[in-house]
Structure formats: structure tokens, C-alpha cells
Amino acid sequence: ALYGGAGAQWNFIKIKNDDEFIRKKEVNKHAFGGIFKLGAIFKLPKNFFADLFVSYSSSSIDFDNSFKSNMSYFSLGLGL
């Protein structure tokens, strides 16, 4: 059986700096992004199944208009 899905996701990043020469010790940022998944489920003997899937997550976070962090990634997996 094949399946697919899409949805929204919330991302949070926390950066902590213990350097005594840095004025800003901690930065907390969040952003909304999207996630997309495709997969297939295969029946195995003795009531088991395998799930082969690929997903893509897309999100980016702005840091004080100085730079933008791209947190997008692909993942591939197999579940038994």
C-alpha cells in the first residue's frame, strides 16, 4: 500500500553561548515550515510489515536580519 501526506510543522532553535566576551548569551527563535511524506507498506510473514518512507522538511529562521538559517532536510527510512 502506498501513502503520502503533507502538513505544517513548528521548528524551534536555541543557541547558548558561554563565551564571556559575547554580550548576547542566549538566542531563541522559532519558525513555521512544511513537511511532505511518501511511503509504502509491505506485508511480511507472521503478521509483520515493513514501512519504507521518504520525507522532506522545509523551514528557515531569520536571525536579526543578518543571516537566514536554512533548516530543510530529506530523510529516508525503513521501519519493521
Side-chain angles (χ1 to χ4, degrees):
L2 297 175
Y3 66 88
Q9 74 178 22
W10 178 73
N11 295 298
F12 177 77
I13 187 167
K14 180 178 185 174
I15 300 172
K16 188 174 180 181
N17 192 336
D18 290 329
D19 190 339
E20 62 189 63
F21 299 108
I22 302 295
R23 183 175 40 151
K24 211 171 202 182
K25 296 288 187 181
E26 193 171 290
V27 176
N28 299 310
K29 295 285 183 173
H30 63 90
F32 288 98
I35 188 163
F36 307 94
K37 294 188 176 215
L38 294 172
I41 296 177
F42 304 97
K43 290 183 181 180
L44 299 176
K46 302 203 182 215
N47 295 326
F48 284 94
F49 67 91
D51 181 7
L52 179 63
F53 61 90
V54 63
S55 67
Y56 175 70
S57 174
S58 174
S59 183
S60 63
I61 293 182
D62 254 338
F63 286 92
D64 301 326
N65 296 325
S66 57
F67 71 95
K68 189 179 261 191
S69 175
N70 183 356
M71 300 187 339
S72 300
Y73 61 91
F74 277 101
S75 62
L76 176 68
L78 174 66
L80 296 175

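What you see is a predicted model; the values in this text were computed from it and never measured. Values reported hereafter were calculated over all heavy atoms of this structure, with side chains retained and with hydrogens, waters and symmetry mates removed.
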If you group Ile, Leu, Val, Met, Phe, Trp and Tyr by side-chain heavy-atom gaps below 4.5 Å, do [X] and [Y] land in one group?
X   : Y   : answer
Y3  : I35 : no
F12 : F32 : yes
I15 : M71 : yes
Y56 : Y73 : no

Identify the heavy atoms of [X] and [Y] that sit nearest to each other, and give their distance.
X   : Y   : result
G77 : L52 : O-CD1, 3.4 Å
L2  : A40 : CD2-CB, 3.6 Å
A50 : L78 : CB-CD1, 4.3 Å
A31 : S59 : CB-OG, 4.0 Å

Approximate separation, where rounding is to 0.5 Å, of [X] [atom1] and [Y] [atom2]:
X   : Y   : atom1 : atom2 : value
N11 : H30 : CG    : NE2   : 11.0 Å
F49 : L80 : CZ    : CG    : 9.0 Å
S57 : F36 : OG    : CZ    : 9.0 Å

Task: Neighbour count above 12 (heavy atom, 6.0 Å) for K68 NZ - done: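 Check fails, neighbour count at 12 or below.
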
TODO: Could I get the full list of salt bridge (charged side-chain N to carboxylate O under 4.0 Å, His left out) partners for K16, not counting sequence neighbours?
DONE: none

